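What follows is a single structure, written as C-alpha cells, with notes after it.
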Amino acid sequence: MAEMLPEAFVQRMQKMLGEEYQEFEAAFWQPRVQGLRLNGLKGERKHLEESCRQQFHLTPVPWVPEGFYYDAGERPGKHPYHEAGLYYIQEPSAMAVSQLLDPKPGELVLDLCAAPGGKSTQIAGRMQGQGLLVSNEIHPARAKILSQNVERMGAANVVVTNHDSAQLTRWFPEFFDKIVVDAPCSGEGMFRKDEAARAEWSLENVALCHHRQQEILDNAAKMLKPGGRLVYSTCTFAPEENEGSIQAFLDAHPEFSIEVREGCEFFDAGHPEWVPGGTGDRELQNTFRIWPHHTGGEGHYLASLRKEGESRITDGGSGRPERAGRSKDRTGQGLDREIRKALELFCKETICWMEGSGENSSKFPWEQETGRYLTFGEQLYYVPEQMPDMKGMKVLRPGLHLGTAKKNRFEPSHGLALFLRTERIKQAVNLDGDGMDVIRYLKGETLSAEVGKESRKGWTLITVDGFSLGWAKQAGSMLKNHYPKGLRWM
C-alpha cells in the first residue's frame with residue numbers, strides 16, 4: 001500500500017506525524033473494519049440488537065450507542081433485515097459526526113451535503129419523527145440514492161432537496177437549530193478502501209477542496225439561527241481542509257466560535273481513540289481528528305461551532321416550532337374530496353387507530369401535532385409543518401410518501417409500509433428471516449397465505465420477524481406481491 005500512496009501525501013504525513021508515521025502507514029495494510037448502525041425508528045434498541053445478534057457477530061462501537069462492528073466475512077447488506085431498514089451499513093468513524101451534532105426531537109436540522117444518507121438517517125433516528133430534517137445533496141444521482149435510503153429507514157419528517165448551498169439559502173435564512181456540513185474533500189481518509197480517491201489525489205485538488213469548503217460554510221452560516229450549532233467534518237487528513245478551513249471560516253465569521261464540549265462523554269479526554277486537532281500548521285483545540293491507527297476505522301476530522309446571539313432554538317422537547325402560521329390541515333380536511341375518501345377507505349380497511357381514538361377519529365397514524373398534505377399529480381405526501389413553501393425548490397422527497405391516490409382507490413407506497421409498525425396494521429403476514437418465503441417475496445414472487453377460517457382480501461403488510469418489509473395484496477390464500485420492482489432481488 002505504501003508504494004500506492006501519492007509521494008507528496010507521504011511526505012506531508014511524515015512531517016505531521018513524525019515517529020508515529022510508521023504506525024499510521026501500517027494501518028493502510030490492515031483490513032478495513034466494517035460497521036452498521038441500528039435504526040431507532042424501527043423499535044427499541046435492545047430489541048433490534050437482539051434480533052441482529054442472532055444473524056451477525058456484533059461488537060459495540062465505543063463512541064456511538066447504536067453503532068456496531070461486524071465480522072468481515074458477514075454480509076448484512078444481503079440480509080432481509082437490511083431491506084426492512086433495521087440498520088444502516090456505515091463506516092464507524094463516520095458515525096461520530098451525528099453523535100457530535102446531538103440532534104433532538106422537535107428541532108430543525110439541516111444535513112447540507114447528505115448523500116448517500118448515513119448521517120441523515122442517524123439524525124432522523126435521534127429525532128424520532130418529530131421536527132424537521134432537510135437532507136440536501138447537490139448531485140442529482142446521489143440525491144436519488146439519498147432519498148431511497150431515507151425511505152428504507154422509515155423516516156417521516158425528512159425532506160430531500162437537490163440544490164447547491166447558495167441556492168438553499170433563499171428558502172432558509174437563519175432557519176435551522178443545527179447544521180451538519182460533511183464537506184466534500186480530497187478523501188485522504190478513504191485511501192485504504194477507495195482506489196479512485198488515491199488515484200485522483202493531488203495537492204491542487206486539496207487546495208480546490210479548501211476553497212469549496214469555504215463557500216459551503218459561508219452559506220451554512222446564513223442558514224443557522226443565532227445560538228445554533230454547526231458541526232463540520234471531513235474524511236481527509238489535510239490540514240488545509242481541516243484546521244485550515246475552520247480557521248479561515250472563523251476569521252471571516254467572528255460571530256462563530258469553536259464549541260468546548262466539556263463534560264461530553266463522547267470527547268472524554270482520556271479516550272484513546274480521539275486526538276485533539278491542531279496537528280500541522282494550525283493549533284485549534286477542541287476540534288478532533290480520528291486516526292485509522294488509533295481506531296481501526298477510517299480518517300475523519302470534526303469541529304463543533306456555535307453562532308453567537310440570543311438563542312431562538314426550537315424547543316426540542318415539545319416538538320413545536322417557533323414559527324407562526326401552523327397548517328390547519330392536520331386531519332386532511334384540505335384534501336381533495338375524492339383523495340380523502342380513498343385515503344379514509346384505505347385506513348378503515350387497513351389501519352389500527354390510535355389507542356383511545358376509535359375509527360370515528362380523523363387522525364391518521366402518520367399525523368403529528370402539526371403537518372400538512374401535499375399532492376404531486378396522483379402522489380400524496382405528508383409534509384412536516386415546519387417546512388416552508390417549496391415553490392421553486394428542487395425536492396425529491398417532500399416528506400412521507402403515503403401513496404398514489406387514484407379515482408375511488410388509494411394504493412399505499414413502499415415508504416408507508418416501512419414507516420408503519422405491525423401494531424398499527426389490521427392485516428399482516430410475518431415471514432421468517434431465515435426462511436425461503438422472505439427471499440421469494442424480495443424477488444417479487446407471489447406467496448400463499450395462511451388465512452384461518454375466513455378468506456381475507458385487501459392490503460396486507462409483509463413483515464420479517466415482526467419488522468415491516470413491504471406490501472402485498474391478499475385475495476383468499478394468495479398474496480400478490482407489491483414489493484417495488486426496482487428493489488427486487490435477482
Side-chain angles (χ1 to χ4, degrees), residues 1 9 13 16-17 20 23-38 58-72 76-77 87-103 111 113-123 125-126 149 180-194 197-198 201 209 213 231-239 241-243 245-246 261 264-269 271-279 286-304:
M1 175 65 74
F9 169 78
M13 298 309 298
M16 284 177 63
L17 293 172
E20 198 174 342
E23 185 181 357
F24 168 78
E25 180 185 297
F28 283 90
W29 291 90
Q30 302 301 316
R32 63 187 182 93
V33 298
Q34 314 285 337
L36 62 80
R37 177 179 42 74
L38 300 178
L58 301 180
T59 305
V61 173
W63 49 89
V64 184
E66 66 269 40
F68 294 87
Y69 301 103
Y70 64 88
D71 288 355
Y87 47 78
Y88 188 100
I89 296 174
Q90 187 175 20
E91 198 281 311
S93 295
M95 300 178 190
V97 181
S98 299
Q99 177 76 9
L100 176 58
L101 186 71
D102 192 26
D111 186 355
C113 312
K119 296 170 181 67
S120 280
T121 54
Q122 188 175 3
I123 292 168
R126 298 290 182 92
N149 281 325
V180 59
V181 175
D182 185 37
C185 67
S186 58
E188 296 173 2
M190 300 293 116
F191 277 1
R192 175 165 53 178
K193 70 173 188 176
D194 189 346
R198 298 195 302 270
W201 182 91
C209 289
Q213 291 153 4
V231 169
Y232 174 81
S233 67
T234 72
C235 57
T236 187
F237 305 113
E241 301 179 67
N242 295 334
E243 294 90 348
S245 284
I246 290 298
R261 304 285 287 168
C264 180
E265 182 180 353
F266 176 59
F267 288 115
D268 184 347
H271 210 292
E273 283 84 358
W274 306 104
V275 177
T279 303
N286 296 304
T287 69
F288 289 82
R289 286 176 172 269
I290 304 175
W291 295 97
H293 57 295
H294 288 185
T295 66
E298 309 305 327
H300 255 71
Y301 173 83
L302 304 92
S304 178

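A quick note: this is a predicted structure, and the numbers were derived from the prediction, not measured.
- Nearest heavy-atom pair across Gln213 and Pro184 is NE2-O, 3.0 Å.
- Two residues are said to be in side-chain contact when any heavy atoms from C-beta on lie closer than 4.5 Å; Gln90 and Thr121 fail this criterion.
- Arg289 pairs in a salt bridge (Lys or Arg N to Asp or Glu O under 4.0 Å) with only one of the listed residues (Glu188, Glu20, Glu241, Glu243), which is Glu243.
- The two residues Gly297 and Val33 come nearest to each other via the heavy atoms CA-CG2, 3.7 Å.
- Separating the CZ atom in Phe191 from the CE atom in Met13 is a distance of 9.5 Å, to the nearest 0.5 Å.
- For the pair Asp182 and Lys119, the salt-bridge criterion is met [side-chain N within less than 4.0 Å of a carboxylate O].
- Of all heavy-atom pairs spanning Val61 and Pro92, the tightest one is CG2-CB, 4.1 Å.
- For the 3.5 Å distance criterion, the side chains of Tyr301 and Thr287 qualify, holding a donor opposite an acceptor.
- Partner Leu101 forms a side-chain contact (heavy atoms from CB on, under 4.5 Å) with one of Val231, Leu302, Asp111 and no other, that one being Val231.
- Side-chain atoms of Arg37 come within 3.5 Å of backbone atoms of Gly118 as a donor-acceptor pair (strictly under, hydrogens ignored).
- Two rings, from Phe24 and Phe237, have their centers less than 6.0 Å apart.
- The distance from atom CG of Asn242 to atom NE2 of His300, rounded to the nearest 0.5 Å, is 10.0 Å.
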(request) Starting from the C-alpha separation in whole Å, work towards a yes-or-no answer on side chain to side chain contact (heavy atoms under 4.5 Å, CB included) for Gln122 and Glu66. (result) CA-CA 9 Å; Gln122 188 175 3; Glu66 66 269 40; 3.9 Å; yes
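- Between Arg192 and Glu298 there is a salt bridge, since at least one side-chain N of the basic residue sits less than 4.0 Å from a carboxylate O of the acidic one.
- Looking at Trp291 and Leu17, their side chains come closer than 4.5 Å, going by heavy atoms from C-beta outward.
- Take Tyr88 and apply the ring pair (Phe, Tyr, Trp, His ring centres under 6.0 Å) test, not counting sequence neighbours, and it matches no residue.
- Using a 4.5 Å cut-off on side-chain heavy atoms (C-beta onward), Pro65 and Gln99 make contact.
- What you find for Tyr87 and Pro76 is that their closest heavy atoms are OH-O, 2.6 Å.
- Between Trp201 and Ser186, the shortest heavy-atom contact is CD1-CB, 4.0 Å.
- With rounding to the nearest 0.5 angstrom, the CD1 atom of Ile290 is 11.5 Å from the CE atom of Met95.
- The heavy-atom pair separating Met190 from Cys235 by the smallest distance is CE-CB, 3.7 Å.
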